[in-house]
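Here the structure is a predicted model, which means the values were calculated and not measured. Values below: all heavy atoms of this structure, side chains included; hydrogens, waters and symmetry mates excluded. Throughout, a chain's letter reflects where its sequence line sits, starting with A, and its residues are numbered from 1.
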Amino acid sequence: MKMSVAPPGEPQRVKKVEERESVVIRFAGDSGDGMQLTGMQFSTESALAGNDIGTLPDFPAEIRAPAGTLAGVSAFQVNFASQEVFTPGDDVDVLVAMNPAALRANLGDLKSGGILIVNTEAFSEQNLQRAGYANSPLDDGSLDRYQVFPVDVTKLTVNALQDLGLSNREALRCKNFFALGMISWLYHRPIESTEHWIRVKFKKSADLVEANLRALHAGYNFGETTELFAVSYQVKPAPIAPGFYRNITGNNAAALGFVAASRKAGLPLFLGSYPITPASDILHELSSLKHFDVTTFQAEDEIAAAGATLGAAFGGALGITTTSGPGMNLKMETIGLGVMVELPMVIVNIQRAGPSTGMPTKTEQADLLQAMYGRHGESPVPVIAAMTPSDCFYAAFEAARLAILYMTPVILLTDGYLANGTEPWLVPRFADLPDFPVAFRTDPQGFFPYLRDERTLARPWVRPGTPGLEHRIGGLSKEHITGNVSYSPANHEQMIRIRARKVAGIAREIAPTPVGGAPQGDVLVIGWGGTYGAIAAAVKDLVARGKAVGHVHLRYLNPLPADLPDILSRFRKILVPELNLGQLVRVLRAEYLVDAVGMNKIQGRPFKVSELVTRVQRLIEA
Amino acid sequence: MSDSTAVKLSKKDFASDQEVRWCPGCGDYAVLNQVQRVLPELGVPRENFVFISGIGCSSRFPYYMNTYGFHSIHGRAPAIATGLKTARPELSVWVVTGDGDALSIGGNHLIHALRRNVDLKILLFNNRIYGLTKGQYSPTSESGKVTKSTPVGSPDYPFDPIAIALGAEASFAARSVDVDAKQLHDVLRRAYEHKGAAFVEILQNCNVFNDGAWAPLTEKATKADAQIVLEHGKPLVFGKDRDRGIRLSPRLEPEVVELGNGVSESDLVVYDERNPALAYLLSRLEPPQFPTPVGVFLAVSKPTYEQRVAEQIAAAREQLGEGDVDKLLRQGDTWAVR
């Protein structure tokens, strides 16, 4: 497939060029070394080179942990390939370590025989000590199983910039672009997008533009001229469907999904949020989209964020509140009120490793049962989950649509891995997304606050300010139809059953469940949320080896799809991999009385494809 | 909000069809009555009023008003009202809350709604007790108070709602008494007319769990000596015979003085409701040494939160044009595959 953007100006290579199908690179350094930026720029270069990509940023919760320590190591992993990419990759082919701590924290993931590029200048006695090395690993033979490329990145960068009159500190800050230039050469990446980025980013200082461009070019040219690298590698473009693409993170995609939904609904968007990692980027993104009739309210706390959102929904806005684990606990009472008063709102939980503060920047899937059952009283809420970074767009859109159509709070679960990870996204056309215009009730004739739509069981949505429809809602039990306060035992049960039926009825909205891999056979792997990529890659691999393994990935966790029992019955065994101690597996066992078994990992990191493949194989053989 | 063709409304237009269920003799009746009297005078269509409450006796208020209403969760009414008012600035949004609801569980939301100057009318019914849970002490209960949860007396110190509102940068703060119909009426009107967060503390009796909560202030015999009415531009005079006043010493300490014997009204503090420092000083006057001030402590004008939010949205639209979703989706790192 021909790419519109081919690597331009690719110089004639004099050294040997080898071809690779896929490569996983991890850039690792100190928090202040700019590794996230380096990784993101490399990802963009790779996307522009026509590869499919997947990325995994991995940064510490501390903003600037002491320099040179293990706590301060920040890393960014990117997987690029000439075929479809499902994950950021298991093991690493290339590790760029900017200091000893980065080496020590990441070496375990480097493949035997893998490429290790180290910034030798940073291997000072002090830095080695800070990283816990008694002797320099560069000298003691402990790195013999890797191809080690010692490069004095610091000195080479400073030399390249020496006549610019920058301070030493300013010059040192450019060394990540030297590293990026070097790796860009090694993998034949086009660097024009990075050059453009530098020009825009530093447009206020011509000196910094010049310095960073020089560092980038110096790194690129170093690759070409140094005798250190005998070989460079080419990864051909992947066969990607034609269309318009953009690189997008999950948080960004979710923000855009809500904007698109508000437009389709014809409502202003109100986001109530309190800053929390890893959810804040949705607040940041939406706060810059005011011209889309978006109001962002940075509340005094998580409770107020949810409360204001519900208040805005009462007023007729599309109400969204975003948070992560600890904030979710605080919002629960408001969600319960939303269930009782039956107003639409979307609560987004970007799950992170808990309990409590846990590991705020690391991923986990341990809030599913909380989303489903975490409120007092019988309080059913639809729960949906996003599967990939770009899927956050569609999941957000769907969450908003269901909330409005069924007049209910809806919980959207994503996670830190999806929120910060990126992938190429085939951008949809707005016109191709479903319309769901909102019709507020305005007719006083025959109006009752809890007189429901016969099909959806949704109650009418009335904007305050509508003459003749004045009414009161609230947390006390309400009488069927009239909505008056009621303590009648029979009425209480009736209303609870109606609300449960309303949420269960959402199953009618769910399209037939796609089954990946084998349609029937030995093992069905069922996942939800951010594990999609790893499971899809593992199942693809197993099927290619002739195994009868299928894959279902659930977008809807509550209610579950109506066709799920039928799919479950077509497989001998059911495996449920989750980044928790077994939550969906409990639901499936309880709902369907099936002997599903769990596969669980709670390390703040996603599954590796190889782990999944091994586990499924064991299950087949068992 | 209002227009000349609006239907003339009366008090009964604001009474809902629900039976009022406060205890007989509760101070809440008097407040409900007064609010239902004031609203028809404001020239606002009934459908544009919204009453939002939290939890507690006073928070049942919206059920008895034939307006839009939302009885929410404990302490959170200011947050919910902030969301509503921000989304719908044209509505007249009132918050009804109590001393426990607003100052204990919901203290954070109260101070931030005031700080932001959201145009809410916040009526805090202060009876210095938890009534709905049957008689525990509240954050405004006197220290040492014996209640169900403090059988040997409360070890807490109370705080003063007006002082808190002023500390939270409220642009309007006033105090009134449930049974003082005329004064309450005036304060409610002033609160409505103020553009911005209006905080009104209403001293209210709980005849079941804290009877006589404000007795000296409400008894005919003692009232005139126990309270001082703040009037903008007028000297601070009080007493049955209007023969006493508040003077500031050279060290800025307030003192009660008898008029006559060389002390005249010109020696007294002339009240200025635009002066937050003076308002705070007055909020610290407590019985028995001083009369309790009622009336408008502070009324200053500044742009409201929802106004500023709306202006930012309007400015963004003017600068960037009406948002185009397709354009938005196609921003960032993009490329085309043919």
Verdict with reasoning, B/Tyr68 to A/Val462, per side-chain contact (heavy atoms from CB on, under 4.5 Å): CA-CA 10 Å; B/Tyr68 284 93; A/Val462 181; 3.5 Å; yes
Relative to chain B, which segment of [X] carries a heavy atom at a distance below 4.5 Å: side chain, backbone, both, or neither?
| X | result |
| --- | --- |
| A/Thr296 | backbone |
| A/Phe270 | side chain |
| A/Leu343 | side chain |
| A/Asp293 | both |
| A/Val294 | backbone |
| A/Leu469 | both |
| A/Leu426 | neither |
| A/Pro268 | neither |
| A/Trp425 | side chain |

Rounded distance [0.5 Å steps], NE2 in A/His291 versus CD in B/Gln319: 9.5 Å
Nearest-0.5 Å distance that lies between atom CG in A/Leu337 and atom NE2 in B/His74: 14.0 Å
Carboxylate-amine/guanidinium proximity below 4.0 Å for A/Glu300 and B/Arg116: yes
Lys/Arg-Asp/Glu bridge criterion (N-O < 4.0 Å) met for B/Glu311, A/Lys290: no
Evaluate the side-chain proximity of [Y] to [X]: yes if any heavy-atom separation is below 4.5 Å, no if none is.
| X | Y | answer |
| --- | --- | --- |
| B/Gln18 | A/Asn484 | yes |
| B/Trp335 | A/Asn247 | yes |
| B/Phe70 | A/Arg472 | no |
| B/Tyr63 | A/Val485 | yes |
| B/Ile73 | A/Glu333 | yes |
| A/Leu310 | B/Arg76 | no |

B/Arg88 versus chain A, the contacting section by heavy-atom distance below 4.5 Å: side chain
Interface residue of largest heavy-atom contact number with chain A, from B/Met65, B/His112, B/Arg330, B/Arg46, under 4.5 Å: B/Arg330
From CA spacing to verdict: side-chain contact (heavy atoms from CB on, under 4.5 Å), A/Lys264, B/Val325: CA-CA 10 Å; A/Lys264 288 292 185 181; B/Val325 178; over 6 Å; no
A/Phe314 versus B/Val50, closest heavy-atom pair with distance: CE2-CG1, 3.7 Å
Residue among A/Ser193, A/Gly316, A/Pro428 with most heavy-atom pairs under 4.5 Å to chain B: A/Pro428
